[in-house]
Every structure is written in structure tokens, then in C-alpha cells.
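Below: the structure, in C-alpha cells.
We use all heavy atoms of the structure for the numbers below, so side chains are in, but hydrogens, waters and symmetry mates are not.
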Amino acid sequence: MPSSRTSSPPVALITGVTGQDGSYLSTLLLDKGYVVHGLAPTHSFGLPVDPRVTTHHADLGEGTNLSAVIDQVAPAEVYHLGAQSHVKVSFELPVYTAEVTGLGTLRLLEAIRHHQARTGRQVRFYQASSSEMFGKAVETPQTEQTRFHPRSPYACAKVYAYWQTVNYREAYGMFACNGILFNHESPRRGEAFVTRKITRAATRIKLGLAHELRLGNLDACRDWGFAGDYVEAMWLMLQQNEPDDYVIATGETHSVREFLDEVFGYLELDWKKSVVIDPQFNRPSEVDLLRGDATKAREKLGWRPKVAFRELARMMVDADLKLAEQEAVIEKHR
Ligand code: F7E
């Protein structure tokens, strides 16, 4: 495999290391014997980083510091996961989202291109592309061939970053891949995303710590997989002989309502008694239905999702129940 060509351990750099995917990917790479470096913005309030990861504070909004980190770390592989990744927030901060999620990718690609030119060393690049690029999807299921129709400033920024990644591959022969990942969740998912918002609230309701859950559109359908499975696909893409783009998905779609059924049902609760529909959580333009076809990843990477919808929902509930129990103890001693 390319990463183990030399006898010294391979070096990887992960942007967005404090996020859900950064956290799972750090563990995966450390377990494989990599030396892992992570990029975290100075203002990050993300997850704790594994102490074996060397963290660098650099910002995707500024190119000079990215170049300095690339030169210092000299990574064999860069996993670009950093972004302003919340779709609803991108409607409120469209320019910031374009700067970080769109231009941030270009800044990083430029830093890598110059580093390669100076040192003659190849850097393999993974771009966290998103199913949101399909947006108002022209066909279902979506594949690598499906035309993009982005429906948010976030999705537009991701389309830009996708094409820059393809362009650097074609123009400069860079080993650059797009992983078009459909929604992927876990107990480490941020609480502003709908799955985790639901599992946090439902478990708190179960223990009497909360009584209400305010949500937007319950009819939206997503192809939800487990983040731990998806980071493995990222790594596999960078171990191939040729760079390419891959859809990563489960092939199943479920509505937010179905996720509520699953979570509250598992807790033996009726969500209709607690959920309040609140228009403030609606988006100006919604993505109604996403379902991915990961045939190419299965055939070329040998990748398959291991965790199914029900198992994923239950895994998240079990973890959040423990969190809620701790909160209940603190509450009791107040
Ligand atoms: O929303 C609906 C909402 O914010 C899912 C990001 O990781 O995956 C994620 O984007 C659906 C939407 O994820 C609430 O309208 C209803 O239809 O969990 P979400 P997302 O927008 O699909 C893709 C692949 C990415 O790349 C993104 O970075 O749920 N929904 N009520 C709600 N959503 C939220 N957040 N909060 C609600 O109260």
C-alpha cells in the first residue's frame, strides 16, 4: 500500500480534527500505526482530541498558516474534513461558509501543490464532499454520475470544493479524491444535527430532565449511516492506485419522523406528546430526499456499511441515556 512504502510510519494530517469524523478517523489512523496531526481552529469547541494527535491551530480562512503547517508536518495523506458544516447555519452565514467550506479547500489544495513542487513528495488528498450537493435530486438513488443541484450556501460551497478537487487532480496530477458522503451519525455527532438533537432530547425526556423537543420538517428523508464505518471509506480511497470519487451511503432512506419513531419507541415513549413543530428550524429551501448508491465503493474499495439504521439509532440512545443519567445525578445534588 502506498502509505507504507517507507519504513518510517506514515504521517497524516486531518483538518477538522475536533469534529465527529475527525475523532473517529484519528483513532482509525492511530490504530493503523500512523503519526497523526490535526488542524483545529483556535475557537473550536469540538470534541476532545486523542492525546497522541499533535494539534496545530490554523484556520482555513487564511492560506499562509495552512502552508506553514503542511511544510512543517510534511504529511503523506491529508484528510480535509474541516468546514462550516451546518446547512441551516449556512443560510445565516453564507459568505463565511463560502470562505471556510469553499475557499478553505482551495487554500489547502494550493498549500499542498506548492509543498509538492518544493519537496517533490506526493501528498494524497481526501475531500469531504457531501450528499447535500445532490440537493433537489434529479434521480434516486444518487450515484457518482448524478447531476448536482445544491440547495443551500453550504451545498454550493461543497460543489465548488468538489470541482476544485477534481481540477487539481486533472490539472496538476494530484492524488485527490472526493468522498461523497451521505449523512453519517454517531454518539459523537454535534447536538445541532437532527439525529443527535433527537437522541439527546428523548433520553432527557425519559429521565424527566426535559419535556419538549422543538423540530422543523419531519418529512425530510435521509440516508443515515454510522460515522465509524464512513471514516474507513476515507482511508480506503487514499490507498488505491488511482485517485477517484466515491459515493458512500447505506442505500436506505428514512424520514425524520421514522427516526423519532425508532428512538422514542426504543425508550417506550410517544414522541407526539413531546415534539413541537417550530418553523424556526425550517430551511429557506429544503432537501427532501436523499438515498445513495455506493456500488462503486463496494466494488472498487471493498467497502460496506456495517451498522444499519435501527442499530445506529439505538447506539446513540444508549450513549445519550448514560449522559442523561449523569446529568440527573448532578441535578439531584444541586
Ligand atoms: O438535518 C431536518 C432538516 O441538520 C437533516 C450535515 O452533516 O449531512 C448533514 O446535513 C434533516 C433536514 O443534516 C430539524 O430540515 C428537522 O432535512 O441533521 P441535519 P443535513 O442538513 O442533512 C450532510 C451530508 C452534510 O454534509 C452536512 O454537513 O432534518 N430537521 N428538524 C432538522 N434539522 C436540524 N438540524 N434541526 C432540527 O430541529
- request: Apply the salt bridge (charged side-chain N to carboxylate O under 4.0 Å, His left out) test between Glu327 and each candidate in Lys332, Arg200, Lys206; give the one that qualifies.
  value: Arg200

- request: Can you spot which of Thr253, Thr250, Asn183 makes a side chain to side chain donor-acceptor pair (under 3.5 Å) with Asp223?
  value: Thr250

- prompt: Met316 and Leu312: side-chain contact (heavy atoms from CB on, under 4.5 Å), yes or no, with the steps?
  reply: CA-CA 6 Å; Met316 292 175 72; Leu312 174 65; 4.2 Å; yes

task: Measure the spacing between CG of Leu109 and CG of Asn167 and express it to the nearest 0.5 Å.
output: 9.0 Å

field: Pairs flagged by ring-ring contact (aromatic ring centres under 6.0 Å, His included) wherever residues 281-307 is involved - sequence neighbours left out
entry: Tyr230-Trp303

field: Residues Asp71 and Arg118 bridged, charged N to O under 4.0 Å
entry: yes

Salt bridge (charged side-chain N to carboxylate O under 4.0 Å, His left out) partners of residues 310-324, not counting sequence neighbours, each pair once: Arg196-Asp320, Glu262-Arg310, Glu262-Arg314

message: Could you measure the distance from the CD1 atom of Ile248 to the OG atom of Ser129? Nearest 0.5 Å is fine.
response: 11.5 Å

message: Please enumerate all residues that pass ring-ring contact (aromatic ring centres under 6.0 Å, His included) together with His86, with sequence neighbours excluded.
response: Phe193

- prompt: Considering residues at least two apart in sequence or located in another chain, which fulfil the ring-ring contact (aromatic ring centres under 6.0 Å, His included) criterion with Tyr168?
  reply: Tyr172

task: Would you give the length of the straight line joining atom OG of Ser255 to atom CG of Asp288, rounded to the nearest 0.5 angstrom?
output: 12.0 Å

statement: Note: with side-chain heavy atoms under 4.5 Å as the link, the other cluster members for Phe91 come out as Val87, Tyr154

task: Check ring-ring contact (aromatic ring centres under 6.0 Å, His included) between Phe148 and all other residues, then give those that pass, not counting sequence neighbours.
output: Phe134, Tyr162

statement: Here the pair of heavy atoms bringing Leu66 nearest to Gly104 is CD1-O, 4.4 Å

query: How long is the gap from CD on Glu212 to CG on Asp278, to the nearest 0.5 Å?
result: 8.5 Å

Pairwise distance CG(Leu28) to CD(Glu232) - rounded to 0.5 angstrom: 6.0 Å

- request: Please test Ser90 against Gln84 for side-chain contact (heavy atoms from CB on, under 4.5 Å), starting from the C-alpha separation and ending with a verdict.
  value: CA-CA 7 Å; Ser90 79; Gln84 189 306 94; 3.7 Å; yes

query: Taking 4.0 angstrom as the limit, do Glu132 and Arg222 come out as a salt bridge?
result: yes

- prompt: Considering residues, nucleotides and ligands other than Glu92, do more than 12 of their heavy atoms fall under 6.0 Å from its CD?
  reply: yes

task: Report the C-alpha separation of Val256 and Asp219 in whole Å, then their side-chain angles, then the decisive distance to 0.1 Å, and conclude whether the side-chain contact (heavy atoms from CB on, under 4.5 Å) test is met.
output: CA-CA 6 Å; Val256 174; Asp219 297 321; over 6 Å; no

message: Is it the case that atom CZ in Arg298 sees more than 12 heavy atoms from other parts of the structure closer than 6.0 Å?
response: yes

- prompt: Other hydrophobic cluster members with Val138, side-chain heavy atoms of Ile/Leu/Val/Met/Phe/Trp/Tyr under 4.5 Å, chained?
  reply: none

- prompt: Should Phe226 and Phe309 be marked as a side-chain contact (heavy atoms from CB on, under 4.5 Å) after you check the CA-CA gap, both sets of side-chain angles, and the distance that decides it?
  reply: CA-CA 8 Å; Phe226 171 50; Phe309 179 72; over 6 Å; no

task: Taking ring-ring contact (aromatic ring centres under 6.0 Å, His included) as the test, write out the residues that go with His56, two or more places apart.
output: His37

List the atom pairs, donor and acceptor, that lie under 3.5 Å between side-chain atoms in residues 267-275 and the rest of the protein, sequence neighbours left out.
from: Asp270; atom 1: OD1; to: Lys272; atom 2: N; distance (Å): 3.0
from: Trp271; atom 1: NE1; to: Asp261; atom 2: OD1; distance (Å): 2.7

Residue pairs fulfilling salt bridge (charged side-chain N to carboxylate O under 4.0 Å, His left out) with at least one residue in residues 158-181, sequence neighbours excluded: Arg169-Asp245

query: salt bridge (charged side-chain N to carboxylate O under 4.0 Å, His left out): which pairs involve residues 60-69, sequence neighbours left out?
result: none

- prompt: Could you go step by step and tell me if Gln20 and Tyr24 meet the side chain to side chain donor-acceptor pair (under 3.5 Å) rule?
  reply: CA-CA 7 Å; Gln20 165 190 257; Tyr24 282 104; over 6 Å; no

Side-chain heavy-atom pair Val78, Val73 within 4.5 angstrom cut-off: no

- prompt: Pairs in or reaching into residues 93-108: which pass salt bridge (charged side-chain N to carboxylate O under 4.0 Å, His left out), with residues at least two apart or in two chains?
  reply: Glu99-Arg107

